[in-house]
Amino acid sequence: MAQFQVVKGAKDIFPEEIVRWHYIEGVIRSVTALYGFSEIRTPVFEYTELFQRGIGSTTDIVGKEMFSFLPDPNGRSITLRPEMTAGVMRAFLQKYPGGGVPAHKLYYVADLFRKERPQAGRQRQFTQFGAELLGVSSPAAVAEVISMMMQVFDSLGLQGLKLRVNSLGDLDDRARYRDMLRAYLEPFRDKLDEPSLERFDKNPLRILDSKNPAVQEIVAGAPKLLDCIRSEGRAEFDRVLGYLADRNIAYEVDHLLVRGLDYYGHTAFEVVSSELGAQDALGGGGRYDALSKELGGNVEIPAVGFAVGMERLIIAMEKQGLFAALTPHGPQVFVVLQDSSLEDQALRISDRLRHAGVSVESDLAGRSMKAQMREANRLMAGFALFVGQDEVASGNYTLRNLKTSEQFSLSLDAIPGVLHESSKQ
RNA sequence: GUGAUUGUAGCUCAGCUGGUUAGAGCGCCAGGUUGUGGCCCUGGAGGUCGGGGGUUCGAGUCCCCUCAUUCACCCCA
């Protein structure tokens, strides 16, 4: 047992797995480019107040899940970012105090930190891919953002995802609905569970997405949030749905969908996968027009965005066998030494081949030829190049194709050409 | 924060109601082939049985504590 192990809720990613990340990130880069989104990177920490103001101090994230610390005794508290949206908005407002041009399209792949108990699909350090469209939040903009997210899933080959959408209306709509919901739930008070009762006073909307079957039954008959939304909000939501239908994006309106972060308003959405276990949300997002003012901006910057959990994406893809094609490939050539006295010769040859663009590996542990061949095989090298007394003396080296077991005797200069030919087949 | 679960070799795990030197498969190393891999055969290295305490003539096995893991709740990606 090792003395040290990774910090609880964190994870090491070794080369076998990193190829998956590279693959997914590649798809993300190409799809976001199709929609005109560019990458943004912001610091991993921000002043704590940014999240308190942005996400909302009553949310669980801010209330009990932040990694906060004082960089120096009299300094301001700093927090490892638990989400990206507040930081992106802060960066934007800092660079464009006047709001900039109407549509800024930004995406990110970033590490986030939340002090929760780890479980399947949940870590304390995790990664989200997300996008923020700043300056416009029209129905077309909302549809565009959802569309981009779905295209990423589609390009990765994911099947069976469910897109759920709902409208949270504006602040007035929600206030009116809150009263209605309380009035409806009042008679059921004695049947609600502990957490629901707590939410009854603090944030009754959250009772809607309870996992407790007993609560779900009660909630099923509750008035619908959508019915409380006044005509403009309703029309806007209908236009979003119209755009989605137009683009053949399957969705279902989920009246119980309420997002956990304070800054969301109007359209909110979520994508779930049945491959994920209890934590089944692959991604989610919505409109957050109110955030810019909340953070002290001079002007309101309408905005829409989403975030997708990369680790959850990988779990879902793994379950669907979508990484099968990602076979690692070994070096083109593995240099095999007859004995260690030829080491400097071998190094010279490796160097020459590498400068000719050939990937080369060799045994660095001074082992037997048999062990070297096994190593070449394990690494899945294409060829073995034998370096022995005869080769060094004659200048002609034995090159063995490890797939076909054919061997040739070649001069060093001829080798890159032969490898180039064989890689074309 | 709450509940449950698991913790034996590098990895995956076995170890019956407590009983002598703790096992298997895979992996690793070496040899069979003193210039040649993948298959096969032979041998070898490698374990404070998570840690501490207790019960017992005797504990991997029972009890307590502790640490870690995993899953679920809460909440979220």
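Just the heavy atoms: all of them, side chains too, but no hydrogens, waters or symmetry mates, feed the values below. None of the values given here were measured: they were computed from a predicted structure. A note on names: the letters A, B, ... follow the listed sequences, proteins ahead of strands, and every chain is numbered from 1.
Comparing A:Val271 and A:Gly9 along RNA chain B, the residue whose closest nucleotide (by nearest heavy atom) sits nearer the 5' end is A:Gly9. Heavy-atom nearest nucleotides on RNA chain B were determined for A:Asn212 and for A:Gly283, and the one closer to the 5' end corresponds to A:Asn212.
Using a 4.0 Å heavy-atom distance criterion, A:Leu282 is classed as a sugar-phosphate-only contact. Note on A:Gln123: a base of the nucleic acid sits closer than 4.0 angstrom, heavy atoms only. Within 4.0 Å of A:Thr127, counting heavy atoms only, lies no atom of the nucleic acid at all. As judged by a 4.0 angstrom heavy-atom cut-off over every strand, A:Asp339 is placed among residues making no nucleic acid contact. At the heavy-atom level, A:Lys8 lies under 4.0 Å from the strands shown only through sugar-phosphate atoms. Backbone-only contact: A:Ala120 has heavy atoms under 4.0 Å from sugar-phosphate atoms and none from a base. A:Gly130 comes within 4.0 angstrom of no nucleic acid atom, judged by non-hydrogen atoms across all strands. Across all strands, A:Gln372 comes closer than 4.0 Å to no nucleic acid atom at all (heavy-atom distances). Using a 4.0 Å heavy-atom cutoff across all strands shown, A:Ala384 reaches no nucleic acid atom at all.
Residue A:Gln119 places at least one side-chain N or O closer than 4.0 Å to OP1 or OP2 of B:A72. For the OP1/OP2 pair of B:G3 and a distance below 4.0 Å, the side-chain nitrogens and oxygens of A:Arg117 include no atom meeting the criterion. OP1 or OP2 of B:C73 has at least one side-chain nitrogen or oxygen of A:Lys211 nearer than 4.0 Å. The side chain of A:Gln5 contributes no N or O atom lying less than 4.0 Å from OP1 or OP2 of B:G50.
As a whole-Å value, the separation of A:Lys115 NZ from B:C74 C1' is 16 Å. Atom CD of A:Gln279 and atom P of B:A72 are 7 Å apart (whole Å). Between the P atom of B:C74 and the CD1 atom of A:Ile207 lies a distance of 13 Å, rounded to the nearest Å. Atom CG of A:Asp60 and atom P of B:A77 are 12 Å apart (whole Å). Here B:A77 presents its P atom at 18 Å from CZ of A:Arg124, a figure rounded to the nearest Å. Atom CD of A:Gln407 and atom P of B:G37 are 10 Å apart (whole Å). Atoms CG (A:Asn203) and C1' (B:C74) sit 14 Å apart, rounded to a whole Å. For A:Phe14 and B:G10, the CZ to C1' distance is 12 Å, given to the nearest whole Å.
Straight-line distance between the P atoms of B:G25 and B:A14: roughly 16 Å, to the nearest whole Å. If you take atom P in B:C39 and the same atom in B:U5, they sit 42 Å apart, rounded to whole Å. To the nearest whole angstrom, the two C1' atoms, one in B:C13 and one in B:G7, are 13 Å apart. Rounded to whole Å, the separation between the C1' atoms of B:A59 and B:A77 comes to 46 Å. B:G60 and B:A9 have their C1' atoms separated by 14 Å, given to the nearest Å. Distance noted for atom C1' between B:A68 and B:G32: 45 Å (whole Å). For B:C65 and B:G10, the P atoms lie 30 Å apart once the distance is rounded to whole Å. Between B:U8 and B:A24, the distance separating the two C1' atoms is 13 Å to the nearest Å.
Side-chain atoms of A:Lys370 and base atoms of B:G32 include a donor and an acceptor less than 3.5 Å apart.
The environment of CD in A:Gln338 is crowded: more than 12 heavy-atom neighbours from other residues, nucleotides or ligands sit within 6.0 Å. In the displayed structure, A:Glu300 atom CD is contacted under 6.0 Å by more than 12 heavy atoms of other residues, nucleotides or ligands. Within a 6.0 Å radius of CZ in A:Phe45, other residues, nucleotides and ligands contribute 12 heavy atoms or fewer. Counted within 6.0 Å of NZ on A:Lys162, heavy atoms from surrounding residues, nucleotides or ligands total 12 or fewer; the atom is thus considered open. In A:Glu39, the CD atom is crowded: over 12 heavy atoms of neighbouring residues, nucleotides or ligands sit closer than 6.0 Å. Crowding of A:Arg41 atom CZ: a count of heavy atoms from other residues, nucleotides or ligands under 6.0 Å not exceeding 12.
With distances taken from any side-chain atom of A:Thr398 to the nucleotides B:U36, B:G37, B:C73, the minimum falls on B:U36.
Between A:Phe92 and A:His104, the distance from one ring center to the other falls under 6.0 angstrom. For A:Tyr184 and A:Phe188, the ring centers sit closer than 6.0 Å to each other. Aromatic rings from A:Tyr263 and A:Tyr288 are positioned such that their centres are separated by under 6.0 Å.
B:C13: Watson-Crick or G-U partner is B:G23, with both key distances under 3.5 Å.
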Extract from the structure each pairing of a protein N or O with an N or O of nucleotides 26-30 of chain B at less than 3.5 Å, listing the distance.
residue: B:C29; atom: OP1; partner: A:Arg367; partner atom: NH1; Å: 2.2

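You'll find the side chain of A:Phe113 stays beyond 4.5 Å of the side chain of A:Thr79, heavy atoms only.
You cannot call A:Phe386 stacked on the base of B:G35; the centres under 5.5 Å and planes under 30° rule is not satisfied.
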